[in-house]
Amino acid sequence: EVQLVESGGGLVQPGGSLRLSCAASGFTFSTYSMNWVRQAPGKGLEWLSDITSSSSSMYYADSVKGRFTISRDNAKNSLYLQMSSLRAEDTAVYYCARRSAVVTWFDYWGLGTLVTVSS
Amino acid sequence: QTVVTQEPSFSVSPGGTVTLTCGLSSGSVSTGYYPTWYQQTPGQAPRTLIYNTNTRSSGVPDRFSGSILGNKAALTITGAQADDESDYYCLLYMGSGAWVFGGGTKLTVL
């Protein structure tokens, strides 16, 4: 069974940093591209970042480019999101999602971790 | 920057048919955008309904269908049920490694 479990969320002050993790199991992690998606309270979904299976390419939404860094450790079956220069508008539930190997869509999602940026 | 547009809200009667759409602020949605539709209830992760324009995800009832209607992607629910009351999001692949979600449609069944 495919499982994605996010962790690392919490309360952080504006301007601060936080690192999110996503532990993957139930599939061959090293062969799939992975993504981060967020959802601010009461708002819609926002795609943030994609990383290919071998980390050869990373892509970012304009809203986080230069502040967030996606990475992965295939030996640990883990995906990461390093967030810096955090703003109040970064407050959201952050989901990791697996990109389907066949067609361009996100087929499995974690339950999310809440990040709150507030003083 | 291109915006993906969805109706903010929609209402359907139980047993009725509703079509939700997913468009672009500039241009037309085609199969090349690989439209995906997700259903989300409060506090839950999104659930895939349709991917690659019109392919139903495993376990999704056949009353959900996807298509291209005119210049938009469309999700049609035939025979709406009370538990279809949810938020629905479309996702488009914009190329060059970038995806964009629509703003979502809140569907009410009453």
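First the proteins, then the strands, lettered A, B, ... as listed; each starts at 1.
The residues A:Asp50 and A:Arg99 are annotated as salt-bridged, a charged nitrogen and a carboxylate oxygen being separated by less than 4.0 angstrom. A salt bridge is defined here as a Lys NZ or Arg NE, NH1 or NH2 lying under 4.0 Å from an Asp or Glu carboxylate O, and A:Lys65 with A:Asp62 meets this definition.
By number of non-hydrogen pairs under 4.5 angstrom with chain B, the leading residue of A:Tyr59, A:Tyr60, A:Tyr108 is A:Tyr59.
No side-chain donor-acceptor contact under 3.5 Å links A:Ser53 to the backbone of A:Thr31.
Only the side chain of B:Tyr38 comes within contact range of chain A, with heavy atoms under 4.5 Å apart. Within the 4.5 angstrom heavy-atom criterion, no atom of B:Gln6 approaches chain A. Of the two parts of B:Ser57, only the side chain, counted from C-beta on, holds a non-hydrogen atom closer than 4.5 Å to a non-hydrogen atom of chain A. Using a 4.5 Å cut-off between heavy atoms, A:Asp107 touches chain B through its backbone atoms (N, CA, C, O) alone. Only the side chain of A:Val37 comes within contact range of chain B, with at least one heavy atom under 4.5 Å from a heavy atom of that chain.
Annotation: side chain of A:Ser63 is in contact with side chain of A:Glu46 (closest heavy-atom distance under 4.5 Å).
There is no side-chain donor-acceptor pair under 3.5 Å between A:Ser49 and A:Trp36.
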